[in-house]
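Below: one structure, written as C-alpha cells.
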Amino acid sequence: MRSFLGRDILSLKDFEREDFFRIFEVAKKLEPIAKNRKNSNILADKTMVTAFYQPSTRTRLSHEAAMHRLGGHVLGFADAKMTRAGDFYQESIKDTVKMLEYYGDVIVMRHFQQGAPAETAKWASVPVINAGDGWGEHPTQVLTDLYTILQEKGTIDGLTFLCIGDMRMRTMHSISYALTQFDAQVIYVAPPAMSMTEEFKAELKNYNLRFKTAEHVADVINEADIIYIEPVVQADYTVAREDTKSDKGLTPDNYRVTRELLEKKAKPDSIILHSLPRMDELPPDVDITRHSRYWQEAFNGVVMKMGLLSLILGAEE
Ligand code: CP
C-alpha cells in the first residue's frame with residue numbers, strides 16, 4: 001500500500017483495495033471525537049485551504065468540520081467570483097495555486113473544469129484533494145458512501161449496487177472505479193442521453209467490473225443491496241454556477257425511487273444512498289423508511305474526512 005503522507009487524492013482509479021480500508025480504519029478510530037461533538041488537537045499545527053470554484057454545501061463544510069474536529073485551521077474561498085480567478089484578471093490555476101500552497105498544508109479544490117485539481121497538484125508543493133471536478137470525479141463523496149456502506153452492512157464485497165441517474169456525473173465515475181477493487185456487481189439505470197459512454201464501459205470491462213444496464217428501476221430494484229441514486233434533472237457541472245430555472249422538468253418514473261416502489265419490490269434490508277442535493281427522483285417521504293441512509297452520510301462524511309486528513313497530513317502512518 002502506498003503511503004498517504006503528502007498524497008494527492010485526485011481519482012479513485014489510483015486506489016487499491018487496502019487504501020480504502022486504511023482510511024476507513026483511521027476514520028473509525030477517530031469517530032468518537034465527532035460523535036461526542038468535541039474538537040481535538042491532532043492537527044493543531046496544520047492548515048487546510050479550501051478553493052471552491054463551484055457551489056457546495058456538504059463537501060466544503062464537511063472538510064472544514066473535519067479539520068476543526070482535528071484542531072486544525074481552515075481558510076479559503078467558497079465563491080471564486082470574489083477572487084482574482086473570477087474577476088477581470090481571470091487568474092490562472094497555476095498563478096492561484098502558487099499563492100495557495102504557502103497559505104496552508106493541504107488544498108481542497110472543487111472546480112467546474114475536469115482535471116483542474118490534477119493541474120493544481122502539478123503546481124502545488126502541498127497535497128491536493130479533488131472535491132469534485134466538472135464531469136470528472138468526486139473521490140471524497142464516494143469514500144463517504146463506501147464508509148457508510150461498511151458501517152451499515154459490515155462489508156462491501158458480495159453486494160449488488162443499483163446506480164440510477166446521469167452516468168456523466170462525477171460520483172458515478174468515482175463509484176464505478178472504486179468498485180473495481182471489490183467483489184461487487186453494478187446495475188446502471190440511466191436515460192439514453194445520459195448513459196455510459198462506450199469508452200467508459202470498455203474501461204470498466206478492462207478493470208473486470210461486473211455490470212449490466214437496465215431501462216427501468218422497477219425491473220431491477222429487487223436485486224439491489226445498495227440503491228445509489230442521483231438526479232437526472234440537474235445543473236450543468238461544467239459551468240461555475242447555474243441558477244435555478246422556473247421550469248426544471250420532472251424525473252421520469254424509470255429513474256425515481258418512491259416509497260411505493262420500495263414497499264412493493266425492494267429487498268427489505270436494501271439501503272439508499274444519495275450524495276444530494278436531490279430533485280424529485282427521491283421523494284421526501286422515503287426519508288423515514290428503513291432504507292434511507294443519506295442523513296447518516298452527513299455524519300460519516302465528517303468522520304471519513306477526519307481519517308483522510310489525518311493520513312495525508314501525517315498524524316497517522
Ligand atoms: N455531495 C455533494 O457534492 O454535495 P455538495 O455539492 O453540497 O458539496
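The analysis underlying the following values was restricted to heavy atoms, covering all of them including side chains, and did not include hydrogens, waters or symmetry mates. For ligands, and for the atoms within them, numbers begin at 1 and follow the listed sequence.
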Tell me if the centroids of the rings in Y147 and F20 come within less than 6.0 Å of each other. no

E297 versus T144, side-chain donor and acceptor atoms under 3.5 Å: no

Can you list every pair that meets salt bridge (charged side-chain N to carboxylate O under 4.0 Å, His left out) and has a residue in residues 266-275, with sequence neighbours left out? K153-D269, D225-K267

Any chance you could pull the hydrophobic cluster mates of F88, using side-chain heavy atoms under 4.5 angstrom and chaining through other members? Y89

Quick one: does any side-chain atom of H173 pair with a main-chain N or O of E137 as donor and acceptor, under 3.5 Å? no

Got the residues with a heavy atom under 4.0 Å of ligand 1, by chain and number? S56, T57, R58, T59, R110, H138, Q141, S275, L276

Residues 192-199 side chain polar contacts: donor-acceptor under 3.5 Å, at least two apart:
from, atom 1, to, atom 2, distance (Å)
S195, OG, P192, O, 3.0
T197, OG1, F200, N, 3.0

